Amino acid sequence: MKKRIFLIALVASVLAISLVGATSAYFTDTRTAVNVFTVGSVDIKFTEWDANKQQVEIAGTDDIIDYGTLYPGRVIQKNPTVTVTSNDSAFVAARIVITNDNAQNGSIPSTANITSLITDTNVMEFFSGGRLGDGNGVTIAKSVNYVSDYVEILVVVNSAVSKNGEFLVFENFTIPGSWNNAQMDICNGLEVTVEAYAVQTAGFEGQTAVSAVKTAFPTAFANMP
């Protein structure tokens, strides 16, 4: 009899522990998912030879290099090069603008308009080497546009450029040796401006390089087909 009472008491004791646990404590489990987002970046370095054939970095739009007096047949060594320095790959592009004193001063007589001198048939003859030509292993999309008082050449590298990859736009700018005095007068105050552009490839999956560049820089590349 005593043994039976002991067993009942023991069972009662276990139930009591369970009831206390149910009313004063909870079984809990906490799991935290931490999402880490790293902000991507695109950095480029833009360099070219200066008038003394020294490689210099172009930091902004105020970096103007004076190459001195022009004359027929003069070859100016000028090698604008875009280098991707960030870890993220990028679509790289360049915009070349050719203008003269008349355009800069707001006086554009038709006979002195740079677009009357630089035509579809000879515009690319100004540039040698680099990637504006074909057969150099880099495919580009190219568009030449005549915008009232200046000539604009838009260039987009068709494939992504990875870290430390380079895009050499051209190596020389040449004044045709056949130009006469009247043609050289139009070149008075000639300026060749090269602008470098880059946009990350992430977010543009399935799009072409041209589409990505036009989306990122709609004003500069508005005339790109």
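Index from 1, following the sequence. Because the structure is predicted, anything quoted here is derived from the model rather than measured.
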Any side-chain donor paired with an acceptor under 3.5 Å for [X] and [Y]?
X      : Y      : answer
Ser162 : Asn164 : no
Thr81  : Thr47  : no
Asn172 : Ser128 : yes
Asn100 : Glu191 : no

Minimum heavy-atom separation for [X] to [Y], with atom names?
X      : Y      : result
Asn223 : Leu154 : C-CD1, 3.9 Å
Ala196 : Val82  : CB-CG2, 3.6 Å
Pro80  : Phe170 : CD-O, 3.5 Å

Path from Val213 to Ile44 over hydrophobic side-chain contacts below 4.5 Å
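Looking at the clustering, Ile44 is in a separate group from Val213.
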In terms of hydrophobic clusters joined by side-chain contacts under 4.5 Å, are Leu190 and Tyr146 together?
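Same cluster.
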So, do [X] and [Y] sit near enough that their side-chain heavy atoms are less than 4.5 Å apart?
X      : Y      : result
Cys187 : Trp179 : yes
Ser86  : Lys163 : no
Phe126 : Thr174 : no

Mind jotting down which residue pairs meet the ring-ring contact (aromatic ring centres under 6.0 Å, His included) criterion with at least one end in residues 180-204? Sequence neighbours excluded, please.
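Counting only pairs at least two positions apart or across chains, the ring-ring contact (aromatic ring centres under 6.0 Å, His included) contacts touching residues 180-204 are Tyr197-Phe217, Tyr197-Phe221.
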With side chain to side chain contact (heavy atoms under 4.5 Å, CB included) as the test, would you mind laying out the steps for Phe127 and Ile153 before giving the verdict?
CA-CA 11 Å; Phe127 306 98; Ile153 304 172; 3.4 Å; yes
Got a donor-acceptor contact below 3.5 angstrom from the Asn180 side chain to the Ala182 backbone?
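Looks like yes, one N/O pair under 3.5 Å.
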Can Lys45 and Glu57 be counted as an ion pair, charged N to O under 4.0 angstrom?
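No, Lys45 and Glu57 are not salt-bridged.
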